[in-house]
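The structure under discussion appears below in the form of structure tokens.
All values below come from the heavy atoms of this structure, side chains included, with hydrogens, waters and symmetry mates left out.
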Number of protein chains: 2
Amino acid sequence: MEAQITIGQLAKATDTKAVTIRYYESAGLVSPVTRTEGGYRLYTDRERDRLIFIKRARHLGLSLEDVKSLLGLADDQSAPCGQVDSIIHEQLERVRARLKDLQQLERELDRLEQCCQADTVADCKIIESLSQ
Amino acid sequence: MEAQITIGQLAKATDTKAVTIRYYESAGLVSPVTRTEGGYRLYTDRERDRLIFIKRARHLGLSLEDVKSLLGLADDQSAPCGQVDSIIHEQLERVRARLKDLQQLERELDRLEQCCQADTVADCKIIESLSQ
DNA sequence: CTTGACCCTATAGCGGCTAGAACCTTCATG
DNA sequence: CATGAAGGTTCTAGCCGCTATAGGGTCAAG
């Protein structure tokens, strides 16, 4: 006989907000196994594990859509894992692209920050640089 | 006598979409100097410059709210430029924080990608790592 | 005068939540 | 058994910075 917990308990156990869990449900990621007569959602360890999985995957910056795919794949032990690889690989590429952008941005902001020694906007190199 | 242009011409001149320009107007960033009898927005060089300013500032990753502040400051030549500095500085800090996060993320994704040599999900280290 | 390119407003959607209103359920206590 | 607090329910709207769509009106050239 498996223990059943409410959404609040699941929230606490996984360090997720109850509203977020409901949101994930609406996105098709986790559903309660059943409900009380009064309509309270009830979950088991399986859902807790699923939520932890989601948290880890989200921590990697994956979209809910990707997380959903991963969950689907994880459920099917005999599935080929090429799709898993490609989800991770594409995310890595996105992260690298974003890193490049941000590094460029850092240089620009740093340069801008250095160049302003003025007191008023009239002489401000930053404003000047933006206005050109 | 200054030349007046329509939103489409302004859009082309600044490589911005007309819808976006209207959106900026709703956010209080740029307004047409006047309108035709039929209601068409009309702009001048001043608005074109303003839009270019916005584009540059947005390129630095600044929020529309920050851009709005910068525009306000740029309009007042006698204003002290400390506020300008701090907007840029805070953005730089945000970018650096994000960079740190993303670098960490890159390492994690890279490690994950390396570690999967399996054929099926059953042996997939990625799924395993997420499920733990 | 007609055509076709352009413009107008208003509304809804994206992602991933978060906040609030208005109400209902559960459970420990008196 | 009644009560009240804590926690649950659904629904709707908001955040950001656009983008897309519908259903119209305007403008300038031929």
Q | Where protein sits on nucleotides 17-22 of chain C, one letter per nucleotide: B base, S sugar-phosphate only, - none, heavy atoms under 4.0 Å | A | BS----
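- Rounded to a whole Å, the CG atom of L29(A) is 12 Å from the P atom of dG15(C).
- Donor-acceptor pairing under 3.5 Å is recorded for the side chains of E47(A) and T44(A).
- Remark: the Q91(A) side chain and the R94(A) side chain contain an N/O donor-acceptor pair separated by less than 3.5 Å.
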What are the atom names and distances for every N/O pair under 3.5 Å that joins the protein to nucleotides 4-8 of chain D?
unit_1, atom_1, unit_2, atom_2, d
dG7(D), N2, Y40(A), OH, 2.5
dG7(D), N3, Y40(A), OH, 3.2
dG8(D), OP1, T6(A), OG1, 3.1
dG8(D), OP1, G8(A), N, 2.4
dG8(D), O4', Y40(A), OH, 3.3

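- The interatomic distance linking H59(B) (NE2) with dC18(D) (P) rounds to 14 Å, in whole Å.
- Taking side-chain N and O atoms only, T36(B) has a distance below 4.0 Å to OP1 or OP2 of dC27(D).
- When the salt bridge (charged side-chain N to carboxylate O under 4.0 Å, His left out) test is applied to R48(B), the partners found at least two apart in sequence or on another chain are D45(B).
- Take Q77(B) and apply the side chain to side chain contact (heavy atoms under 4.5 Å, CB included) test, not counting sequence neighbours, and it matches V121(A), A122(A).
- Atom-to-atom, CD of E37(A) to P of dC27(C) comes out at 12 Å; the value is rounded to the nearest Å.
- Applying the side chain to side chain contact (heavy atoms under 4.5 Å, CB included) criterion to D123(B), with sequence neighbours excluded, gives A118(B), T120(B).
- Evaluation of the salt bridge (charged side-chain N to carboxylate O under 4.0 Å, His left out) rule for E65(A) yields no partner, not counting sequence neighbours.
- Qualifying salt bridge (charged side-chain N to carboxylate O under 4.0 Å, His left out) partners for R46(A), counting only residues two or more places apart in sequence or in other chains: none.
- Under the side chain to side chain contact (heavy atoms under 4.5 Å, CB included) criterion, F53(B) pairs with I127(A), L130(A), S131(A), L70(B), L71(B), A74(B), not counting sequence neighbours.
- I5(B) places its CD1 atom 17 Å from the C1' atom of dA5(C), with the value rounded to the nearest Å.
- Rounded to whole Å, atom C1' of dG16(C) lies 14 Å from atom CG of D66(A).
- Partners of R56(B) under the salt bridge (charged side-chain N to carboxylate O under 4.0 Å, His left out) rule, at least two apart in sequence or in another chain, do not exist in this structure.
- If you take CD of Q4(B) and P of dT26(D), they are 19 Å apart, rounded to a whole angstrom.
- Within the helix from dC1(C)-dG30(D) to dG30(C)-dC1(D), the inter-axis angle between the opening and closing five-pair segments is 30°, rounded to 10°.
- Within the structure, salt bridge (charged side-chain N to carboxylate O under 4.0 Å, His left out) pairs that include any residue of residues 22-37 of chain B comprise E25(B)-R35(B), E25(B)-R41(B) (at least two apart or interchain).
- Scored by the side chain to side chain contact (heavy atoms under 4.5 Å, CB included) test, D49(A) finds no partners at all (sequence neighbours excluded).
- The distance between atom CD of E25(B) and atom P of dC18(D), rounded to the nearest whole Å, is 15 Å.
- L42(B) places its CG atom 10 Å from the P atom of dC7(C), with the value rounded to the nearest Å.
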